[in-house]
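These numbers come from a predicted model, not from an experiment. Reckoned from all heavy atoms, side chains included, excluding hydrogens, waters and symmetry mates. The first residue of the sequence shown is numbered 1, and numbering continues consecutively from there.
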Amino acid sequence: MTTPHAIDTLAQLEALFGQPGEASLKKEVPYLHPAYQALIAASPFAALATLGPGGLDVSPRGDPPGFVAVQDEKTLLMPERRGNNRIDSLRNIVADPRVALLFLIPGVGETLRVNGRAQITVEPELLARFAMDGKPPQCVIRIAVETVFFQCARAIQRSKLWAPLPADAKREVPTPGAILSALTEAAFDGAAYDKELPARQRATLY
């Protein structure tokens, strides 16, 4: 069945958007250029995309700036901290090593995109290297870099992601407890969950 106005061939897509500019092509390299290493060193947050038998997944990762370490110009090291033990990303990496990372830096419009292949390791020296508050990560993800390039600031500018919130801004989205209560038709005590969550997060941060 053909959907009216659908774009389903590369020729149609390229005709719609035209050719990329020279800068868009020049910025992609197959290694971690020193300029890109500087962005990674300044980033406290990255989104990790993986692919497995169940499909695609993207998961947040965060720590103090530079938490993803540059081992060399072709290798990144990322600690895997404790969490909810779903380990969706790790399950996917075991099945398919292809990964993508999107690095964000507060106050900076440009983001950094890295594609590569990952391996999970529990090498003792690496676990000790990434310990926080005396607690090592569960494991370390070693990423063999294949392509790297920065993304322009338009998405951040359009979203006003780094714009300060008004002093009187109120939360307008449901809390974690409210979501769990709604999903379980109130079988889950959402109010108790929300009340206990801050202390539990502080106690289990590392």
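- The closest donor-acceptor contact from the side chain of W162 to the backbone of G109 lies at 3.5 Å or more, if one exists at all.
- At least one side-chain heavy atom of R61 sits less than 4.5 Å from a side-chain heavy atom of E80.
- With hydrogens and angles ignored, the 3.5 Å screen pairs a side-chain donor or acceptor of S43 with a backbone N or O of L104.
- Between H33 and Y36, the ring planes are perpendicular. Angles over 60° get that label, and only those under 30° would be called parallel.
- Atom CD1 in I93 sits 6.0 Å away from atom OG1 in T50 (nearest 0.5 Å).
- Residues L126 and R142 form a side-chain contact, since some pair of their non-hydrogen atoms from C-beta on lies under 4.5 Å apart.
- Counting only heavy atoms from C-beta outward, the side chains of L77 and R129 approach each other to under 4.5 Å.
- Inter-residue side-chain proximity for P44 and P106 is flagged as met; some heavy-atom pair is nearer than 4.5 Å.
- Between V94 and R91, every side-chain heavy-atom pair lies at or beyond the 4.5 Å cut-off.
- With contacts defined as side-chain heavy-atom distances shorter than 4.5 Å, the pair L102/L112 does not qualify.
- Side chains of D189 and S181 form no contact here, defined as non-hydrogen atoms less than 4.5 Å apart.
- Geometrically, K27 engages F150 in a cation-pi contact, judged by NZ or CZ lying under 6.0 Å from the ring centre and within 45° of the ring axis.
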Assess whether side-chain contact (heavy atoms from CB on, under 4.5 Å) is satisfied between L48 and V58, documenting all intermediate values.
CA-CA 5 Å; L48 172 66; V58 63; 6.0 Å; no
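- For the residue pair N92/S89, the side-chain donor-acceptor check at 3.5 Å is not satisfied.
- Contact annotation: the side chain of V145 never approaches that of P30 to less than 4.5 Å [non-hydrogen atoms, C-beta and beyond].
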Working note: R117 + E146, criterion side-chain contact (heavy atoms from CB on, under 4.5 Å); need CA distance, chi angles, decisive distance, verdict.
CA-CA 8 Å; R117 293 177 179 268; E146 295 178 344; 3.0 Å; yes
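- Two rings, from F45 and F103, have their centers 6.0 Å or more apart.
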Candidate pair D63 and R81, rule side-chain contact (heavy atoms from CB on, under 4.5 Å), full reasoning
CA-CA 9 Å; D63 247 338; R81 304 294 180 192; 2.7 Å; yes
